[in-house]
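First up is the structure itself, then whatever we jot down about it.
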Amino acid sequence: QVQLVESGGGLVQAGGSLRLSCAASGRTFSRYAMGWFRQAPGKEREFVAAISWSGGISYHTNSVKGRFTISRDNAKNTVYLQMNSLKPEDTAIYYCAADAKPLQSTTVVINIKEYDYWGQGTQVTVSS
């Protein structure tokens, strides 16, 4: 069983920055592909960014490219989402997720249905 706990959300003005963290339990975190998703009110949960278990490969959805960066520290069992130049449309609950299936070190997982474990989410609100 894997537990994921997000933190770092909050209220920020447009143009500001936040850094989300996702702390994971379990000794095999370093072999999990990880992802960040978000869900705005009245909308479906959507993909934001993903990173391979090695940390060597990452992918960001077009709307956040150049503004958000996913990273991980396997020694700390933590994945991060650095969010810069925030916009009001980034307002959502942000979730981290883990894909615990055996994958190649270069695989990033974009499909929400592939993820096995989810955190409880952290609210990000961007005011205009």
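Just so it is clear, the values below take in all heavy atoms, side chains as well, and ignore hydrogens, waters and symmetry mates.
Counting only residues at least two apart or on different chains, the salt bridge (charged side-chain N to carboxylate O under 4.0 Å, His left out) pairs with a member in residues 97-107 are Asp99-Lys101, Lys101-Glu114, Lys101-Asp116.
In this structure, Arg72 forms no cation-pi arrangement with Tyr32, as its terminal cationic atom is not both closer than 6.0 Å to the ring centre and no more than 45° off the ring axis.
In this structure, Arg67 and Leu86 approach most closely via the heavy-atom pair NH1-CA, 3.9 Å. Listed here is the closest heavy atom pair of Ser17 and Gln82: CB-NE2, 4.1 Å. When all heavy atoms are compared, the tightest approach of Val5 to Gln120 is CA-OE1, 3.8 Å. Annotation for Ala40 and Ala92: closest pair N-CB, 3.8 Å, computed over non-hydrogen atoms. The heavy-atom pair separating Tyr115 from Ala33 by the smallest distance is CE2-O, 4.0 Å. Between Val108 and Ile57, the shortest heavy-atom contact is CG1-O, 3.4 Å.
Val12 and Leu81 fall within a single hydrophobic cluster, where Ile, Leu, Val, Met, Phe, Trp and Tyr side chains are chained together by heavy-atom contacts under 4.5 Å. Cluster annotation: Phe29 and Tyr117 are assigned to the same hydrophobic cluster (Ile/Leu/Val/Met/Phe/Trp/Tyr, side-chain heavy-atom contacts under 4.5 Å, transitive). Connection of Val64 to Ile93 is not established within any shared hydrophobic cluster, with ILVMFWY side chains joined at heavy-atom distances below 4.5 Å, either directly or through further cluster members. By the rule that hydrophobic residues join a cluster once side-chain heavy atoms approach within less than 4.5 Å of another member, Val79 and Trp118 end up as members of separate clusters.
For the atom pair CG (Leu4) and CG (Asn77), the distance works out to 10.0 Å, reported to the nearest 0.5 Å. Interatomic distance, Trp53 CH2 to Asn74 CG, rounded to the nearest 0.5 Å: 8.5 Å. In this structure, Met83 CE and Thr69 OG1 are separated by 11.0 Å, a value rounded to the nearest 0.5 Å. Taken to the nearest 0.5 Å, the CE atom of Met34 stands 7.5 Å off from the CD1 atom of Ile70. How far CZ of Arg31 is from CG of Leu103: 9.5 Å, rounded to the nearest 0.5 Å. Atom CD1 of Ile51 sits about 13.0 Å away from atom OG1 of Thr107, to the nearest 0.5 Å.
Side-chain contact between Glu6 and Tyr94: absent, with no pair of heavy atoms (C-beta onward) separated by less than 4.5 Å. Proximity of Val124 to Arg38: side-chain heavy atoms (C-beta onward) are nowhere separated by under 4.5 Å. Put simply, the side chain of Trp36 does not reach to within 4.5 Å of the side chain of Phe68, judged on heavy atoms. For the pair Phe47 and Ile112, the minimum side-chain heavy-atom distance is 4.5 Å or more.
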message: For Gln123 and Thr91: C-alpha separation, side-chain torsions, deciding distance, then whether side-chain contact (heavy atoms from CB on, under 4.5 Å) applies.
response: CA-CA 8 Å; Gln123 176 71 48; Thr91 295; 4.1 Å; yes

message: If you apply the rule side-chain contact (heavy atoms from CB on, under 4.5 Å), what do you find for Arg19 with Tyr80, and how did you get there?
response: CA-CA 7 Å; Arg19 187 195 196 199; Tyr80 304 97; 3.6 Å; yes

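Looking only at atom types and distance, the side chain of Ser54 has a donor-acceptor partner in the side chain of Ser52 under 3.5 Å away.
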